[in-house]
2 protein chains.
Amino acid sequence: MSQTVDRALSILPLLAEGPADLGQVADRLGVHKSTALRLLRTLHEHGLVYRQSDQHYRLGARLFALAQEAMENLDVREIAHPHLVRLNESCGHTVHLAVYEENEVLYIDKVESRYPVRMYSRIGKPVAITVAAVAKLLLADLPEHERRALAEKLDYPMYTSRSTPNPAAFLRELEKVREQGWATDLGGHEESINCVAAPIRGADGRVVAAMSVSAPNVVVTADELLTLLPLVRRTADAISGEYSGRTPAELQ
Amino acid sequence: MSQTVDRALSILPLLAEGPADLGQVADRLGVHKSTALRLLRTLHEHGLVYRQSDQHYRLGARLFALAQEAMENLDVREIAHPHLVRLNESCGHTVHLAVYEENEVLYIDKVESRYPVRMYSRIGKPVAITVAAVAKLLLADLPEHERRALAEKLDYPMYTSRSTPNPAAFLRELEKVREQGWATDLGGHEESINCVAAPIRGADGRVVAAMSVSAPNVVVTADELLTLLPLVRRTADAISGEYSGRTPAELQ
DNA sequence: CAGGTGCGTTGCATCTACTGCAACACTCGT
DNA sequence: ACGAGTGTTGCAGTAGATGCAACGCACCTG
């Protein structure tokens, strides 16, 4: 709606692809160099863009700080984290927490046992929305029309032969998930990875987040993973309870 | 430099403090509600801002994705990571990697042994710049005038009795660090935590990053930690070599 | 070293598009 | 039902964003 701001913000994803110099930015925005310069300067003042040693702009540090703080205001994450850790300790597999926002599902927390994994490789990245178990749960809870509209808009990449192929199949799957109150992804994203997931609900019963346990075939079979379902659901319910009940919030 | 963009971007830190509604945003920007609305809409279209259930704006998902991608183009991190992991495996303590950018020092990687720690609690957050060992190394390498100017501008919070108290002391410390080629922080940030750090240099010899090993007093004394210095320096040098030499980059 | 090319940067006249106003629509609360 | 507090829309006026052309500067190249 605001042209100037729109142009300025378009620079960010552009720089996310890699550093670029003034000319390149101007070209890709379709504006004069002087215009691009002023936009970049403004972004720079706010720390969103950084001018590295020789020419070339790149995304700046403030971006991390902002993403940081944004995360910290997500109270579901705050509440869920200890539960996720405990679940991880008892089953040993990777545990994810995800939320839905603006036609995307994204991981907001992750606990993996063995190594101190590079969490940032997943956290913040959009989820494979048509196949991930957490995505199914989050989308299944959307109002009917919204769900349909979204299903139509999505792409259905065939990550594997078991990926969801089209809107119809997806909507059917969502309906099933909606009824049973939990979801799985059995090799739909990566051939050898299975997940089971359960929803976290707010006081009004709406799904505010979803959590999952993932493990590769070689460690546990899909059937064995399914035996964890009760534990996952119990954990999710515990988080739901804490999130929706009157809790720490008031005490501060 | 560009008023409209400037105003729009000012909304982000404002929302980072917590969700706010249209009126609050307009007030704090000092503009009319309709103006604030259009700015917010533009931010919204770019996914930087999210409108939650009803009313109240908050920082949006795209922010994570951007921060994400920004991280991924930091090639030092890419190269350094396996070395950090190996160092961690051999000594067991927390290992950090940090860079200097625009008057700030920030952690861009961290490896901790025991638990899969919530890395985001540190990564992306600005470092206590006047006391952290990595900060000393990064600042010590700045050109004289820049270093002086920065030292004057900084605050010198007394985290502990051993924190750097003022610009003069800081500059002296930087000089020392500069000469010896490594740095420590012995209880300057938190009474019981010590660090040793070493610089990572680019092909031109300039410090591009710094890494450190930290451990609490109760696990190893400062003296014991110092025995790790050679190992830390060797690791840093290995990273420097790989970063500055002709390396994988060409092979892709 | 003179001349050339490719950058980023600046000042300025033009006119776009951003602003604030005032009126409207809507949801609550009492 | 009504008023207070929201968010939202259309519009006229002008602040401020735009693109141009000229300049400065570093780096090649003959």
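Note on naming: letters A, B, ... go to the chains in the order of the sequence lines (proteins, then strands), and numbering restarts at 1 for each one. The figures that follow rest on heavy atoms only: side chains count, while hydrogens, waters and symmetry mates do not.
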Worksheet entry | Residues within residues 24-44 of chain A bordering DNA chain C, heavy-atom distance below 4.0 Å | K33(A), S34(A), L37(A), R41(A)
Worksheet item: Among side-chain atoms of D109(B) and H96(B), is any donor-acceptor pair under 3.5 angstrom?
Response: no
Worksheet item: So, R148(B) and E144(B), do they make that salt bridge, N to O below 4.0 Å?
Response: yes
Practice prompt. Determine, for E175(A) against R147(A), whether the closest basic-nitrogen to carboxylate-oxygen distance falls under 4.0 angstrom.
Written response: yes
Item to complete: Assess whether side chain to side chain donor-acceptor pair (under 3.5 Å) is satisfied between Q24(A) and H56(A), documenting all intermediate values.
Response: CA-CA 9 Å; Q24(A) 297 169 327; H56(A) 286 61; 4.6 Å; no
For the pair made of [atom1] in [X] and [atom2] in [N], what is the distance, rounded to whole Å?
| X | N | atom1 | atom2 | result |
| --- | --- | --- | --- | --- |
| R7(A) | dG16(D) | CZ | C1' | 14 Å |
| Q3(B) | dT18(D) | CD | C1' | 15 Å |
| L22(A) | dG24(D) | CG | C1' | 15 Å |

Fill in: Presence of T4(A) side-chain N/O under 4.0 Å of dC18(C) phosphate oxygens OP1/OP2
yes
Worksheet item: Partners of H32(A) by side chain to side chain donor-acceptor pair (under 3.5 Å), sequence neighbours excluded?
Response: none
Worksheet item: What pairs of residues pass the salt bridge (charged side-chain N to carboxylate O under 4.0 Å, His left out) test when at least one of them lies in residues 28-43 of chain B, not counting sequence neighbours?
Response: E17(B)-R28(B)
